[in-house]
2 protein chains.
Amino acid sequence: MKKQAVHNTSNLCRAQILGIKSAMEILSGKWKLYILGTLLLHDKMRFMDLLREIDGIAAKMLSKELQDMEINQLVRRTVVDTKPLTVQYELTSAGRSLQQVITEVSKWGIEYRDNL
Amino acid sequence: MKKQAVHNTSNLCRAQILGIKSAMEILSGKWKLYILGTLLLHDKMRFMDLLREIDGIAAKMLSKELQDMEINQLVRRTVVDTKPLTVQYELTSAGRSLQQVITEVSKWGIEYRDNL
DNA sequence: GAAACTAGTTACCTTTATGAAACTACCTTT
DNA sequence: AAAGGTAGTTTCATAAAGGTAACTAGTTTC
């Protein structure tokens, strides 16, 4: 008899796993948490501020990631009518709700690196 | 005069950002947190258990990700001398130290999805 | 002995991610 | 008018990630 895929994980646990999946669909990639972490620290930033602050990112990547996160409503983009015109990026409330995630990831990254 | 890249981020903040970078180097990819989360819930699992439990993953991917995480000392692989021989995978202490990260990511993912 | 189990590996292919550099377009300062 | 600022986009390229399916190799159960 063929062995069945017995999922003995409880529904509660499965919900947790699905949570990870949903989160990773939104947050995956080399730059997203980096950008979000930077915006968390600075409140409002212009495109060129982010480009200079985020070490190593190319304009194309920054632009694409910001658009991505705007679509997912983590980031708000506002054109400011200055001369020359500037664009402000800031976290939405959904973006700010990532604070705990970012804190834990950052803490773990520092500890992991120290224990090498 | 050319504009300089003025990093007005404090050293403390920069450390946080570097923490994110370190963490993402280890944890990036579609499957790693999924696998780690599953191992966190089950303590010890065999290869085929993981393959059946983790929905959608291919043997090749699972194998590669486990090797990756073994190298990074998040997962321990033990060959058990049963007949037929089996292989047990479990988290190391470094792997278990991801508990908070996984909890927060999972919580956020569930909330985010619910607020859609 | 055929079929199913164990734990993977290998080959081939497609898609996604990422990067460097040049370019647009418009405004301001020197 | 030249140089530098604003915020990007476009083009061209490579690297990394991920997927399918077949295959190895030994063990065990029907």
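If you're wondering where the values come from, they're calculated on a predicted model, not measured in any experiment. Order of the sequence lines fixes the chain letters, A, B, ..., with proteins taken first and strands second; residue numbering starts at 1 for each chain.
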Go through the side-chain N and O atoms of Arg113(B) and Ser22(A) and say whether any donor and acceptor fall under 3.5 Å apart. yes

Base, sugar-phosphate, or nothing for [X], non-hydrogen atoms under 4.0 angstrom?
X        : result
Lys30(A) : sugar-phosphate
Ala58(A) : nothing
Gln67(A) : sugar-phosphate

Measuring from Leu66(A):CG to Met45(A):CE, what's the distance to the nearest 0.5 Å? 10.5 Å

Strictly by Watson-Crick or wobble contacts shorter than 3.5 Å, is anything paired with dT16(C), and which nucleotide is it? dA15(D)

In Watson-Crick or G-U wobble terms, with both distances under 3.5 Å, the base opposite dC30(D) is dG1(C)

Take atom [atom1] of [X] and atom [atom2] of [N], then tell me their distance rounded to the nearest Å.
X        : N       : atom1 : atom2 : result
Glu65(A) : dT16(C) : CD    : P     : 15 Å
Ile57(B) : dA7(C)  : CD1   : C1'   : 14 Å
Trp31(B) : dA16(D) : CH2   : C1'   : 17 Å
Leu27(A) : dA17(C) : CG    : P     : 13 Å
Lys83(A) : dA25(C) : NZ    : P     : 19 Å
Ile35(B) : dA17(D) : CD1   : C1'   : 13 Å
Met48(A) : dA25(C) : CE    : P     : 19 Å
Asp49(B) : dA7(C)  : CG    : P     : 7 Å

Of Lys64(A) and Leu85(A), whose closest DNA chain D nucleotide lies nearer the 5' terminus? Leu85(A)

Distance test, side-chain N/O of [X] to OP1/OP2 of [N], below 4.0 Å:
X        : N       : value
Ser63(A) : dT9(D)  : yes
Tyr34(B) : dG18(D) : no
Arg52(A) : dT6(D)  : yes

I want to confirm an ordering. Mapping Gly29(A) and Pro84(A) to their closest nucleotides on DNA chain C, which one lands closer to the 5' end? Gly29(A)

If each of Arg77(B) and Ser28(A) is mapped to the nucleotide of DNA chain C with the nearest heavy atom, which maps nearer the 5' terminus, i.e. the 5' end? Arg77(B)

Whether over 12 other heavy atoms sit under 6.0 Å from Glu90(B) CD: yes

Taking the side chain of [X] as heavy atoms from C-beta outward, which of [options] is closest to it?
X        : options                  : value
Met61(A) : dT6(C), dT9(C), dG19(C)  : dG19(C)
Tyr89(A) : dG8(D), dA20(C), dT6(D)  : dG8(D)
Lys60(A) : dT6(C), dC12(D), dT27(D) : dC12(D)

Closer than 3.5 angstrom, by distance alone: can the side chain of Ser63(B) be matched with the main-chain N or O of Ala59(B) as a donor-acceptor pair? no

Please test Ile17(B) against Asp55(A) for side chain to side chain contact (heavy atoms under 4.5 Å, CB included), starting from the C-alpha separation and ending with a verdict. CA-CA 10 Å; Ile17(B) 297 292; Asp55(A) 195 42; over 6 Å; no

Apply side chain to side chain contact (heavy atoms under 4.5 Å, CB included) to the pair Ile35(A) and Met69(A), showing each step before the final yes or no. CA-CA 10 Å; Ile35(A) 297 169; Met69(A) 295 193 288; 3.7 Å; yes

